[in-house]
Each structure stands twice: as C-alpha cells, then as structure tokens.
Amino acid sequence: MRSSVTTATALPRKAASFTVTGASQAPPAGREHDDFFWTYTEEPHRTRRMAIIKAHPHVTKLCGPEPLTKYVVAFVVALQVLCACLLARTPMLSWPFFLTAYVVGATANQNLFLAIHEISHNLAFRSPLANRLFAIFANLPIGIPYSASFRPYHLTHHKSLGVDGLDTDLPTAFEALFLDSVAGKAFFCTFQILFYALRPMMVYSLPLTKIHLFNIVTQLAFDYALVRFAGARALGYLILSSFLAGSLHPCAGHFIAEHYVFEKPNKDAANPANKIPLPETYSYYGPLNFLTYNVGLHNEHHDFPAIPWTRLPALNRIAHEFYDDLPQHKSWVNVMWQFVWDKDISLWCRIKREEGGRKVGAGSAWNEEELGANEKNGPIPGVR
C-alpha cells in the first residue's frame with residue numbers, strides 16, 4: 001500500500017453514532033457535544049510490539065543509545081550560533097534575515113526539537129543524567145527553555161496515548177470547536193508551535209524540579225551572553241527560527257501527520273468498512289526524515305521507543321509485514337494543505353480514550369523522569 005493514506009473509512013465525524021471496533025457508541029457522559037473519536041480499546045502499539053517481538057525476537061538488539069546523536073546535535077548547535085552571530089548586524093525586517101531563519105534556522109531548530117525528543121528516550125547516552133544535561137545543551141539555540149518539561153509530557157504521551165487529561169498532544173475541545181474552519185485550521189498550522197508549547201501547562205502542571213531550574217537558568221544565561229556579545233538580533237534570529245520551525249514549514253507537517261485521523265468518511269452507515277478500527281498513528285517514509293531523526297517512522301517509534309533514529313529503518317525492514325499495510329503519508333506539505341482545506345479533517349479528528357495510561361516523571365530528583373520511564377516498565381523490551 002503506497003497511497004497517501006489507507007482507504008479504510010468511517011462514519012462522518014459529526015455523527016453521534018460513530019463507532020470503531022470495541023469503541024463506545026457515543027461520546028462519554030457529559031461530552032454529548034464532543035466530536036472526537038472516542039474508543040475503549042487498548043492503544044495499538046503495545047499489542048503490535050509484543051507480536052513483533054514474538055515473530056522477530058532479535059529486534060530487541062536494536063534498542064539502546066546512538067553515539068552519532070551527540071555529534072549531530074553539536075554540529076547543529078554550532079551552526080545556529082554561527083548563523084545568529086553572522087546576522088547580528090542584519091536588519092530583522094529584511095529578506096536575508098527572514099530567508100536564513102526560514103531555510104536554515106527553522107530546519108535546524110526543528111532538528112533540535114527532534115533531537116530533544118530523541119534524547120528524552122535516553123538515546124544519546126546510557127546515563128540518565130547525561131541525557132538530561134545534553135538535552136539542555138540542545139535546547140540552547142531554541143532560545144526558550146523547554147527540554148526539561150518536554151520529557152515528562154512526552155513520555156506520558158507514550159504511556160497514555162489518546163488518554164483524555166494525560167496525553168497533551170491531544171487538542172482540547174475548546175481548540176477543536178473554536179478552530180473548526182478553514183481560517184481556524186490555517187491559524188493553527190501557522191501558530192502550532194504555540195499550541196504545543198502552552199497546551200500541556202493548561203492540561204496539567206508539572207512540579208518545578210532541580211532539572212527544570214537548571215534548564216531555565218542555563219538558557220537565560222546563554223540568551224544573556226548572546227545578546228551581550230552579539231546583540232539582540234542574534235537572539236531574535238534564534239527565536240524566529242523556533243517559531244518558523246513550528247509554523248508553515250515543510251518539516252512542521254510531522255506534528256499533524258503523526259496522530260490526526262485522515263481517513264475519508266463513508267456516509268453509508270451500513271458499510272462494513274465503518275467497523276475497521278481507525279488508525280491512531282501514521283508514518284511517513286520520505287526524504288525529510290533525513291533532517292528530522294526519522295520521526296516520520298512514527299508507528300515504528302511508538303512500537304519501540306527505545307530504538308534510536310538510526311535503527312528504525314532496520315526495524316521496518318525486519319518486521320515489514322507488520323508495517324506494509326499501515327497508513328502512511330507521502331508528503332508533510334500535503335498533510336498541512338489537506339488539513340486546512342479538507343472539510344472532513346480538523347482538530348476533532350483525533351482518537352481519545354477516557355481511561356488508561358499514567359503520568360511519567362512527577363518526582364523531584366535530577367533523574368525523576370527516569371524512575372517513571374524505566375524502572376516501572378518491567379521486563380518488556382523496547383519500552384522507555
């Protein structure tokens with residue numbers, strides 16, 4: 001299957017009688033006006049992970065840190081600092097400044113976003129503390145401290161995929177309702193970095209720990225030093241790069257591509273295809289993976305979060321029979337275009353579940369997230 005997405009269909013998303021296999025007939029009590037896709041089924045990744053391990057036990061040997069990550073991160077951090085210094089005397093309201101920030105800066109900072117994502121799974125070093133500190137280093141060109149907070153929210157996303165009130169990757173009902181139009185969806189795509197930055201804090205708050213404080217102090221010290229020695233425009237370049245990285249940029253398409261349901265509705269309620277479970281995760285196998293730590297292999301990543309970016313293609317090759325027929329996108333640019341213009345696709349198109357999962361990383365130690373992410377996992381290989 002090599003279409004943009006699979007051809008599995010579902011009832012129109014506004015229909016209260018929407019079902020998927022094992023799902024509720026209607027939204028949970030108190031959410032009668034909620035048009036998300038609600039289900040009571042277990043998230044699919046753990047089930048598929050166990051099936052893959054049973055069929056190919058040697059895939060667990062792919063797990064573990066990737067030494068190349070630290071060198072790529074160091075190069076990108078150095079590149080962004082260099083560009084910031086070189087643009088220190090260039091007017092911010094100029095084409096050279098904007099184009100550099102869009103072409104080089106946004107691509108570089110999207111790469112660093114995903115480096116921090118990779119590091120959050122302890123895939124740069126074996127030491128949990130080394131990973132925490134290295135994520136703070138990777139955070140520097142982003143301009144705003146977030147790596148320490150990202151990790152527990154992201155690991156909770158893995159442990160609680162689709163769980164309302166825990167998975168902060170899910171849009172809220174207010175967002176979905178307020179932005180349910182072409183203009184609203186275009187606004188979301190343009191400013192999605194702000195939604196992903198602010199939404200988690202609106203869903204639930206994290207305790208302020210030592211690693212969070214260190215992240216904040218280190219970032220503020222770096223920003224101050226950059227402004228002191230290179231000027232405010234240098235810091236402006238980094239902040240603009242971060243904004244554009246999560247805006248209308250080709251690499252930013254992965255935010256929407258990963259978990260939004262893109263299946264086309266089938267208006268025939270009796271159609272057997274409506275009983276096919278809707279996919280919760282989509283993959284992308286195109287060239288932009290080269291710039292984004294293979295984040296497009298998202299089914300593979302959720303199945304085995306402990307496999308680093310360089311070995312996800314090997315996982316796909318070994319267990320290809322589990323992935324060949326899963327839905328996939330051919331273009332992240334087309335994902336954003338379709339998301340904005342297709343009336344059947346919106347922020348409502350996410351699968352939610354009421355129960356399951358758990359928060360990860362609510363302790364107060366330097367490696368508090370590690371206690372939740374690994375020690376409690378038990379003997380299941382490939383999970384972090």
Side-chain angles (χ1 to χ4, degrees), residues 1-6 76 98-99 101-118 142 150 154 157 161 167-171 175-176 179-197 199 240-264 278-302 309 312-313 316 323 326-351:
M1 181 182 306
R2 287 293 180 265
S3 59
S4 177
V5 294
T6 60
V76 177
F98 180 83
L99 287 177
Y102 185 84
V103 176
V104 179
T107 305
N109 276 12
Q110 183 66 247
N111 178 274
L112 291 174
F113 290 157
L114 294 167
I116 292 170
H117 165 262
E118 189 78 6
I142 292 169
F150 171 80
H154 179 68
H157 163 67
L161 183 64
D167 186 356
T168 57
D169 187 69
L170 293 167
E175 292 172 68
L179 301 174
D180 194 8
S181 65
V182 170
K185 291 186 289 183
F187 180 86
F188 178 78
C189 285
T190 304
F191 296 96
Q192 59 182 315
I193 191 67
L194 300 181
F195 287 89
Y196 284 105
R199 182 194 300 141
L240 180 60
S241 296
S242 294
F243 171 77
L244 294 174
S247 183
L248 300 177
H249 188 277
C251 292
H254 81 87
F255 290 121
I256 296 172
E258 290 165 359
H259 296 294
Y260 280 84
V261 178
F262 271 68
E263 308 311 293
K264 300 296 292 184
L278 290 180
E280 297 189 43
T281 306
Y282 291 70
S283 288
Y284 159 79
Y285 299 101
L288 291 179
N289 280 310
F290 178 77
L291 302 170
T292 56
Y293 288 89
N294 280 325
V295 74
L297 280 70
H298 216 65
N299 271 298
E300 292 85 344
H301 169 65
H302 267 268
W309 59 286
L312 288 176
N316 180 279
Y323 296 112
L326 294 182
Q328 60 181 261
H329 293 288
K330 286 188 174 182
S331 166
W332 282 339
V333 174
N334 186 62
V335 162
M336 289 192 288
W337 179 268
Q338 188 177 358
F339 178 81
V340 171
W341 291 104
D342 193 324
K343 63 182 178 61
D344 294 318
I345 300 173
S346 72
L347 278 79
W348 291 115
C349 294
R350 290 294 296 263
I351 293 178

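The structure presented is a predicted model; accordingly, all values stated were derived computationally and were not measured. Throughout, numbering of the chain's residues begins at 1 and tracks the sequence.
- Here the CG-CZ distance, from D342 to F262, works out to 8.0 Å after rounding to the nearest 0.5 Å.
- Summarising the geometry of G253 relative to V335, their closest heavy-atom pair is O-CG1, 4.0 Å, with the distance given to 0.1 Å.
- Atom CG of N316 sits about 6.0 Å away from atom CG of L297, to the nearest 0.5 Å.
- In plain terms, the two heavy atoms of N294 and L312 that are nearest each other are O-CD1, 3.9 Å.
- Every side chain to side chain contact (heavy atoms under 4.5 Å, CB included) that A108 has, sequence neighbours left out, goes to V76, Q80.
- Listed by chain and number, the residues in a ring pair (Phe, Tyr, Trp, His ring centres under 6.0 Å) with W332 are H254, Y284 (sequence neighbours excluded).
- Proximity of a side-chain donor or acceptor of E118 to a complementary backbone N or O of W309 within less than 3.5 Å is detected.
- Looking only at side-chain heavy atoms (C-beta outward), R199 and P171 come within less than 4.5 Å of each other.
- If you take CG on L240 and OG on S247, they are separated by 9.5 Å, rounding to the nearest 0.5 Å.
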Stepwise side-chain contact (heavy atoms from CB on, under 4.5 Å) test for R350 and D169
CA-CA 10 Å; R350 290 294 296 263; D169 187 69; 2.8 Å; yes
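- The backbone N or O of H117 sits nowhere less than 3.5 Å from a side-chain atom of Y293 that would complete a donor-acceptor pair.
- Remark: the S283 side chain and the H298 side chain contain no N/O donor-acceptor pair separated by less than 3.5 Å.
- Scanning all heavy atoms of the two residues, the minimum distance from D180 to A176 falls at CB-O, 3.2 Å.
- Scored by the ring pair (Phe, Tyr, Trp, His ring centres under 6.0 Å) test, H249 finds Y102 as partners (sequence neighbours excluded).
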Is there a side-chain contact (heavy atoms from CB on, under 4.5 Å) between Y260 and I345 once you walk through the steps?
CA-CA 8 Å; Y260 280 84; I345 300 173; 5.6 Å; no
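- D167 pairs by the side chain to side chain donor-acceptor pair (under 3.5 Å) definition with H157, not counting sequence neighbours.
- Listed by chain and number, the residues in a salt bridge (Lys or Arg N to Asp or Glu O under 4.0 Å) with E258 amount to none (sequence neighbours excluded).
- Within the structure, every pair that satisfies the salt bridge (Lys or Arg N to Asp or Glu O under 4.0 Å) test and touches residues 278-300, not counting sequence neighbours, is listed here: E280-R353.
- With sequence neighbours left out, F191 forms a side chain to side chain contact (heavy atoms under 4.5 Å, CB included) with F187, L194, F195, F243.
- Listed here is the closest heavy atom pair of V261 and P279: CG2-O, 3.8 Å.
- In this view, A245 and A106, N109, Q110, F113 satisfy the side chain to side chain contact (heavy atoms under 4.5 Å, CB included) rule, not counting sequence neighbours.
- The side chain to side chain contact (heavy atoms under 4.5 Å, CB included) test applied to V182 returns V340, W341, not counting sequence neighbours.
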Verdict with reasoning, L161 to H259, per side-chain contact (heavy atoms from CB on, under 4.5 Å):
CA-CA 10 Å; L161 183 64; H259 296 294; 3.9 Å; yes
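- One distance of note links NE2 of H329 with CD of Q338; it measures 7.5 Å at 0.5 Å rounding.
- The aromatic rings of F188 and F339 lie tilted to each other, with the angle between the two planes from 30° to 60°.
- Judged purely by atom type and a 3.5 angstrom limit, S242 uses its side chain to pair as donor or acceptor with the backbone of I142.
- In this structure, the separation between CG on L179 and OG on S346 is 9.5 Å, given to the nearest 0.5 Å.
- Atom CG of L326 sits about 5.0 Å away from atom CG of N299, to the nearest 0.5 Å.
- The side-chain hydrogen bond (donor to acceptor under 3.5 Å, both in side chains) pairs that include a residue from residues 185-196 number zero, where partners must be two or more places apart or lie in different chains.
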